[in-house]
K.L.:
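Next up is a structure, given as structure tokens.
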Amino acid sequence: MPTICWFRRDLRLSDHPALVAAVAQARAADDEVVALYVVDPALWRSAGAPRLAYLAASLRALDEATGGRLVVRHGRAEEVVPRVARETGATSVHVSAATEPYGRRRDDAVEAALGADVRLVRTGCPYAVAPGRLSTGQGGPYRVFTPFRNAWLDHGWHEPAPRPRDVPWATLRGDGVPDAPATDVRLPRAGERAARERWRAFVRDDLAGYDVDRDRPDLDVTSWMSVHLKYGEIHPRTVLADLAEAGRGARGALATSVATYRSEIAWREFHADVLWHSPSAARRSLREVVPADAWATGPEADDAFAAWAQGRTGYPLVDAGMRQLRALGWVHNRVRMVVASFLVKDLHVEWQRGADHFMAWLVDGDVPQNQLNWQWVAGTGRDAAPYFRVFNPVTQGLKFDPSGDYVRRWVPELRDVPGAAVHEPWRLPDGPPHGYPARMVDHKHEREVALRDHARRPG
Ligand SMILES: Cc1cc2nc3c(=O)[nH]c(=O)nc-3n(C[C@H](O)[C@H](O)[C@H](O)COP(=O)(O)OP(=O)(O)OC[C@H]3O[C@@H](n4cnc5c(N)ncnc54)[C@H](O)[C@@H]3O)c2cc1C
């Protein structure tokens with residue numbers, strides 16, 4: 001009897017414990033492995049074009065890696081997976097466990113629909129330490145990042161799983177990878193091989209300088225692993241194992257950078273853990289920081305939101321970030337923080353609206369990371385930045401884009417403004433260059449409004 005390996009957020013063949021389990025079971029029965037991917041049309045319709053285009057490319061890469069045996073079926077998972085099990089006579093479906101609210105509900109529904117004769121076997125998940133695994137001395141979830149990271153480091157993780165050789169893939173009719181909507185976003189190369197190549201290049205060229213340079217959007221030296229981790233083209237365990245190898249015996253900058261990078265991965269795992277314990281955090285603030293009437297609503301808020309989304313706020317670093325988002329479907333982390341803070345604290349628009357916009361455009365758009373990072377910036381999350389800490393878009397620009405190269409790269413209207421002056425075009429003798437908007441709000445004033453609102457917070 002064949003087994004089914006149902007791929008979801010694990011579009012790779014290396015370091016894939018669920019695939020290892022599926023192959024072992026199939027070999028024991030001298031049978032084959034069905035490589036299945038299910039496209040739910042409702043979800044496919046609701047996701048942003050850049051993510052869909054990337055996902056389609058990643059599925060094609062996985063199909064190639066399986067020798068053309070990836071079986072893509074369209075329909076609701078609770079119907080498709082049992083149907084494939086009946087068609088093939090499989091008695092088990094192997095998956096990497098889903099940990100987010102939607103995936104957990106879907107898998108429970110699939111498990112129920114499979115009935116008693118077909119098992120849904122969960123082996124591993126998209127994290128080094130499964131969300132929900134760690135608990136404090138009192139037995140509850142961690143609320144603060146640093147103790148979580150310490151417990152996470154103490155807990156440790158398995159070595160990467162070996163890549164199965166000569167997998168006996170089954171041949172089965174599929175519906176094919178659906179056409180993704182057209183997008184102008186310049187997508188990175190998709191697939192496991194691209195992920196590995198990018199990761200190796202980062203370790204070779206930029207890891208040693210990561211601790212010092214990672215906050216500089218003008219340098220383009222971060223790893224870009226978020227996209228590959230989101231689709232599981234590489235597992236964080238592989239990344240952590242390579243980091244350990246790179247850091248073995250290292251001192252100075254390399255040792256610090258390895259620790260800093262590991263800590264960023266720990267943030268990813270912390271957010272997944274928070275969402276595991278508080279699924280409502282995907283939509284609702286974990287705490288209220290201003291009274292409900294403080295948020296901008298109506299046509300004025302719509303206009304402010306539109307200017308922000310188009311990168312026409314008159315604040316160069318914000319505008320550069322929002323235009324990078326539209327061009328690449330990716331934004332540097334420092335700039336994500338600045339643009340998110342600007343929307344919430346300068347324009348007083350609720351974080352959920354910004355998070356939705358990010359999800360529509362980001363190629364790495366990922367519910368736990370996106371929603372919890374928005375909550376971090378908005379001050380509404382667990383162990384979030386305090387609400388009163390408001391990012392100043394000008395000083396952030398001067399500090400992290402000191403020569404203005406990042407802004408000039410993304411805002412053509414400012415291309416002729418030399419050096420750091422580009423961060424304050426309103427100070428130029430003739431004002432902002434033709435075509436570039438005046439500041440839509442006064443940051444200093446809006447910061448005070450945000451703080452006054454915060455002082456009236458409920459409770
Ligand atoms: C408002 C906002 C929204 C965000 N939305 C997403 C999202 O949808 N998907 C996503 O993967 N990341 C998100 N992030 C986190 C972070 O910005 C990206 O992971 C990072 O910019 C990706 O680029 P990189 O891989 O080159 O990062 P690197 O600097 O090379 O970092 C290495 C890895 O560490 C992890 N990491 C780094 N920073 C964070 C962080 N703040 N939180 C969690 N993990 C982190 C990522 O997996 C990243 O790939 C968001 C941050 C903010 C402030």
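We count ligands from 1, going down the list as the structure has it; atoms in each ligand are counted the same way.
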K.L.:
Which of these passes ring-ring contact (aromatic ring centres under 6.0 Å, His included) with Tyr315: Trp308, Phe391, Trp426?
P.N.:
Trp426

K.L.:
Would you mind running through ligand 1 and noting each atom that sits below 4.0 Å from a heavy atom of Leu362?
P.N.:
5 (N), 8 (O)

K.L.:
Relative to the heavy atoms of Met337, which atoms of ligand 1 are at a distance of less than 4.0 Å?
P.N.:
53 (C)

K.L.:
Hey, is ligand 1 close enough to His332 that some N/O pair sits below 3.5 Å?
P.N.:
no

K.L.:
Identify the protein heavy atom lying closest to atom 9 (N) of ligand 1, giving its residue, its atom name and the separation to 0.1 Å.
P.N.:
Asp364 O, 3.0 Å

K.L.:
So if I count the atoms of ligand 1 from 1 in the order they appear, which ones are less than 4.0 Å from some heavy atom of Val331?
P.N.:
21 (O)

K.L.:
Going by the closest heavy atom to atom 32 (C) of ligand 1, which one wins out of Trp374, Trp330, Tyr261, Phe358?
P.N.:
Tyr261

K.L.:
Parallel, tilted or perpendicular: which fits the ring planes of Phe305 and His357, with parallel below 30° and perpendicular above 60°?
P.N.:
perpendicular

K.L.:
Roughly how far apart are Glu159 CD and Leu240 CG, rounded to 0.5 Å?
P.N.:
10.5 Å

K.L.:
How far is atom 39 (C) of ligand 1 from its nearest protein heavy atom, and which residue and atom name does that atom have?
P.N.:
Glu264 OE1, 3.6 Å

K.L.:
At a non-hydrogen distance cut-off of under 4.0 Å, which region of Trp376 contacts ligand 1 (side chain, backbone, both, or neither)?
P.N.:
neither

K.L.:
For atom 28 (P) of ligand 1, what is the nearest protein heavy atom, given as residue, atom name and distance?
P.N.:
Tyr210 OH, 3.4 Å

K.L.:
Consider ring-ring contact (aromatic ring centres under 6.0 Å, His included). Of Phe358, Trp361, Trp224, which one does Trp330 pass it with?
P.N.:
Trp224

K.L.:
Less than 3.5 Å apart, any donor N or O on the side chain of Gln396 or Arg334 sitting next to an acceptor on the other?
P.N.:
yes

K.L.:
In the protein, which heavy atom is nearest to atom 15 (C) of ligand 1, and how far is it?
P.N.:
Asn373 ND2, 3.5 Å

K.L.:
To the nearest 0.1 Å, how far is atom 30 (O) of ligand 1 from its closest protein heavy atom, and which atom is that?
P.N.:
Ser223 OG, 2.6 Å

K.L.:
As an exercise, identify every atom of ligand 1 less than 4.0 angstrom from a heavy atom of Asn333.
P.N.:
15 (C), 16 (C), 17 (O), 21 (O), 41 (N), 51 (C)

K.L.:
Nearest heavy-atom pair of His423 and Gly404: which atoms, and what distance?
P.N.:
NE2-CA, 3.9 Å

K.L.:
Between Val377 and ligand 1, is there a nitrogen or oxygen pair with a distance under 3.5 Å?
P.N.:
no

K.L.:
Report, in ascending order of atom number, the atoms of ligand 1 lying under 4.0 Å from any heavy atom of Ser226.
P.N.:
11 (O), 19 (O), 22 (C), 23 (O), 25 (O), 49 (O)

K.L.:
Start with the C-alpha distance between Tyr261 and Phe202, add both sets of side-chain angles, then the distance that settles ring pair (Phe, Tyr, Trp, His ring centres under 6.0 Å), and finish with yes or no.
P.N.:
CA-CA 11 Å; Tyr261 195 98; Phe202 168 75; 5.3 Å; yes

K.L.:
State the NZ-CD distance between Lys345 and Glu446, to the nearest 0.5 angstrom.
P.N.:
14.0 Å

K.L.:
Using distance alone, determine whether Trp267 and ligand 1 share an N or O pair under 3.5 Å.
P.N.:
no

K.L.:
If the cut-off is 4.0 Å to any non-hydrogen atom of Gly365, which atoms of ligand 1 fall inside it?
P.N.:
8 (O)

K.L.:
Test of understanding: given a 4.0 Å heavy-atom threshold, classify the contact between Leu229 and ligand 1 as side chain, backbone, both, or neither.
P.N.:
side chain

K.L.:
Would you check if there is a donor-acceptor pair between the side chains of Ser223 and Trp199 at a distance under 3.5 Å?
P.N.:
no

K.L.:
If we ignore angles and hydrogens, is there a donor and acceptor under 3.5 Å between the side chains of Glu233 and Ser58?
P.N.:
yes

K.L.:
Between Trp376 and Trp267, what is the ring plane arrangement, given parallel below 30°, perpendicular above 60°, and tilted in between?
P.N.:
perpendicular

K.L.:
Considering the heavy atoms of His271, write down every atom of ligand 1 situated less than 4.0 Å from one of them.
P.N.:
42 (N), 43 (C)

K.L.:
Students often mix this up, so state it plainly: with edges at 30° and 60°, are the rings of Phe145 and Phe270 parallel, tilted or perpendicular?
P.N.:
perpendicular

K.L.:
What protein heavy atom sits nearest atom 13 (C) of ligand 1, and how far off is it?
P.N.:
Arg336 NH1, 3.3 Å

K.L.:
Can you report which non-hydrogen protein atom sits closest to atom 43 (C) of ligand 1, along with the distance?
P.N.:
Gln369 OE1, 3.1 Å

K.L.:
So if I count the atoms of ligand 1 from 1 in the order they appear, which ones are less than 4.0 Å from some heavy atom of Trp224?
P.N.:
24 (P), 25 (O), 26 (O)

K.L.:
Report the distance from atom NE2 of His271 to atom CG of Leu275, rounding to the nearest 0.5 Å.
P.N.:
10.5 Å

K.L.:
For atom 3 (C) of ligand 1, what is the nearest protein heavy atom, given as residue, atom name and distance?
P.N.:
Asn370 OD1, 3.5 Å

